[in-house]
Number of protein chains: 2
Amino acid sequence: MGRGRTTMADVAKRAGVSSATVSMILSGRPDTRFSQETHQRVHEAAAALSYRPNVAARALRTDRSHAIAFISDHVATTRFANGLIRGALRASASEGQTLMVMETGGEPGREARTIDAALDRQVDGIIIASMRAREITLSKTPPGIPMVVLNGTSRQCPASVLPDEERGGRDAVARLDAAGLLGSVALVGHEAAAEEGLFRSLPIQRRLDGIRSGMEARGATFARELSIWEWEPSNGYAAAMELLQGADRPRALLCLNDRLAFGAYQACMELGLRIPEEVSLMSFDNDELAAYLRPGLTTIALPHDEMGARAVARVVRPEEGEELVTMPLIERGSIRAAR
Amino acid sequence: MGRGRTTMADVAKRAGVSSATVSMILSGRPDTRFSQETHQRVHEAAAALSYRPNVAARALRTDRSHAIAFISDHVATTRFANGLIRGALRASASEGQTLMVMETGGEPGREARTIDAALDRQVDGIIIASMRAREITLSKTPPGIPMVVLNGTSRQCPASVLPDEERGGRDAVARLDAAGLLGSVALVGHEAAAEEGLFRSLPIQRRLDGIRSGMEARGATFARELSIWEWEPSNGYAAAMELLQGADRPRALLCLNDRLAFGAYQACMELGLRIPEEVSLMSFDNDELAAYLRPGLTTIALPHDEMGARAVARVVRPEEGEELVTMPLIERGSIRAAR
DNA sequence: CAGTCTTGCTAAAACGATTTACCTATTTGG
DNA sequence: CCAAATAGGTAAATCGTTTTAGCAAGACTG
């Protein structure tokens, strides 16, 4: 057993001290008084034997595993997972933590079992990541171990990390205003009248609130609004076809996400309308494809990397409350100022 | 310590047996002879106390952690990581394993340290995933623990999982042949003459080999070939603009990946050429955007999910050799048969 | 009826760290 | 010069499992 690795006892023997000494010295424990010489001998022995501590033994004794569980509902369905995981991964590496990634498929039963599995491994903290941001009902909240909800909120868990959607919405409006386009903008994806009282999801709701309050603050209203439930390119295409062929064509389209905008690009090409000369476009998310479009799509980005990193930080140094991460404006080429 | 969880000793006490008995019964060890009644008492006690074994203690004793390290060079740069991780994650869940995700940034030094960190945690196996498929030089290969290279190969590690690029290449040619287009196809991304002796990467080399051998087998040659080093949409756009405006415009474009094809789509729209009526398009990867295009892009898919799953399977049940995973043809609407 | 098997179980030694409670010299203080 | 403090360490318990070795009592065998 032990795969033949050197143990602390080996180091102790070589340094001619007890393993208690080795433990204390190597772990850099303060308030201890070993001679300079002993320090050196221990370090040399450890280096010579290329000693590495056995994490399981340490976890057993200390009940800390230096691992964080990243539990998500779907790693699958969304390209967003990537950024969240990436951010979390990097932050945990620099915190000296390892990330255990797990998936629940969104089923509450599996969620509870997955949390249990994480607890069995004595994880130092748990991140519950929701890929479709929303209000989460946790079937169980383990006591005494830090937990944060990423990209969602939960009554059961006071700590969460979310994109600052409301401000993002306002920023989008501000950007269009700066270009002098606010007089002729259509909103693609949501219609206040049609979706009155319908609940989309918490962040999306906030995104809309931000947009509305931005418009109001400027005394502006949308030239038109179109309701679309599924924000997929094909629906964006259809919507744009309708909007852009009408009598007074809007000068700008504010799409509620990049996939809708992508569909709108296709419609513009098909109609021979040049972006941004004839139609300006702005949207949300900063999906990978936003950079591929010609011209590039100006969009308010979901700061997934940053969010993942913040979640780790807040698990390592617990802190209550909802943390809003700024959604940066990514300026590309799809907006032209009206003259 | 122990966070107050029930231990095996608690179960033993409640069932009125020793913990050795509990251990053997709960782990379903064969060739043991406890009475039916004892079995029952132990199971009942465990259930009543909702006992869960401490993974660290078990790992310490058995030197197996039921965790697999998924070590990748970049989770970052590529949307492919997603599929690989997803496949690996699901397979490990059904094997009763946990996945520890780690990243090396592609630096050999960090790679070695990361492998060490994995070994410190007594992982049951290691998956080295390369996001840009290639020949990998491993700075260290731990003895006695199963390891497989995912999406790459390595002299130091006999087990690997790769897409079957060569067959994929041949299948692409076969598909174009079936549509009767082989007489007028341009290859976008590689030119035999220009890139003679240049090494792209192992899988890409095979992809090209497959394409070549498919063409040869049919006695066909490309109408034109264009060399592009960076397979990004903007380059695909430029290439297609050049190809499609020439004297005898090719009937079909075989793009070496979907991003090039995406650029070609943009060029077609701009030139007013209808896909697939006037130009057929086929490519490789099945990038997410392939489904968004209008019409959908017919492509030979990289089977990332399947590959991730296979890597886990081969770590759990070690087996040497290179495993080639079939790249399925995803039929969408970008090819029309010539008449 | 003595010896051997079987049945059903347990005591105790690992595994490799951390941590508590000492222990022995030597200094220091008064 | 004696008591107390300090310096420099160590022995052993502990974390929660798994596993080896073996015990006691009854059932067979010859």
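Basis for what follows: all heavy atoms, side chains included, without hydrogens, waters or symmetry-related copies. Lettering follows sequence order; numbering is per chain, from 1. All values reported here derive from a predicted model rather than from experimental measurement.
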Are any protein N/O atoms closer than 3.5 Å to N/O atoms in nucleotides 3-7 of chain D? If there are, list each pair with its distance.
unit_1	atom_1	unit_2	atom_2	d
D:dA7	N7	A:R33	NH1	3.4
D:dA7	N7	A:R33	NH2	3.3

Remember a base hit wins even if backbone is also touched, and classify B:T38 as base, sugar-phosphate or nothing at under 4.0 Å, heavy atoms.
sugar-phosphate

Rounded distance (nearest 0.5 Å) linking atom SG of A:C157 with atom CD1 of A:I128:
8.0 Å

Quick one: B:R64 CZ to D:dT17 C1', roughly how many Å, whole number?
16 Å

Counting any heavy atom closer than 4.0 Å, what does B:T32 reach on the DNA or RNA strands: base, sugar-phosphate only, or nothing?
nothing

Side-chain contact check for B:R58: nearest option of C:dT19, D:dT17, C:dC9 is D:dT17

For A:S35, which contact category applies under a 4.0 Å heavy-atom criterion: base, sugar-phosphate, or nothing?
sugar-phosphate

Expressed in angstrom and rounded to an integer, what is the separation of A:L60 atom CG from C:dA14 atom C1'?
13 Å

Separation between NE2 (A:H304) and CG (A:N82), nearest 0.5 Å, reads 10.0 Å

Only one of A:V161, A:D305, A:L150, A:L89 passes side-chain contact (heavy atoms from CB on, under 4.5 Å) with A:L84; say which it is.
A:L150

Measure the distance from CD1 on A:I25 to C1' on D:dT10 and round it to the nearest whole Å.
13 Å

Assuming nearest nucleotide by heavy-atom distance, tell me which of B:R29 and A:F34 is located more 5' along DNA chain D.
A:F34

First encountered from the 5' end of DNA chain C, between B:A57 and B:G16:
B:G16

Determine yes or no for a side-chain-to-main-chain donor-acceptor pair under 3.5 angstrom, with A:Q97 supplying the side chain and A:A67 the backbone.
yes

Whole angstrom is fine here: how far is it from CE in A:M8 over to C1' in C:dA17?
6 Å

Hey, is the side chain of A:T7 poking within less than 4.0 Å of OP1 or OP2 on C:dG16, counting only N and O atoms?
no

Would you mind reading off the distance between B:K13 atom NZ and C:dT10 atom C1', rounded to a whole angstrom?
16 Å

Can you tell me the distance, in whole Å, between the CG atom of B:L49 and the P atom of D:dG16?
14 Å

Touch check for A:T21, heavy atoms < 4.0 angstrom, all strands: base, sugar-phosphate only, or nothing?
base

Examine distances only and state if a side-chain atom of A:D73 and a backbone atom of A:M131 form a donor-acceptor pair shorter than 3.5 Å.
yes

Between the side chain of B:R121 and the main-chain N/O of B:S65, is any donor-acceptor distance below 3.5 Å?
no

So, the side chain of A:R41 versus the backbone of A:A15: is there a donor-acceptor pair under 3.5 Å, distance only?
yes

If you check the A:M24 side chain, which of C:dC9, C:dA17, C:dT19 turns out closest?
C:dT19

With a 4.0 Å cut-off on heavy atoms, is A:V55 in touch with a base, just the backbone sugar-phosphate, or nothing at all?
nothing

Starting from P on C:dG16, measure out to OH on A:Y51 and report it in whole angstrom.
10 Å

Nearest listed nucleotide, side chain of A:A20, among C:dA17, D:dT19, D:dT10:
D:dT10

Separation of C:dG16 atom P from B:R121 atom CZ, nearest Å, is 17 Å

Residues B:E37 and B:S35: side-chain donor-acceptor under 3.5 angstrom
no

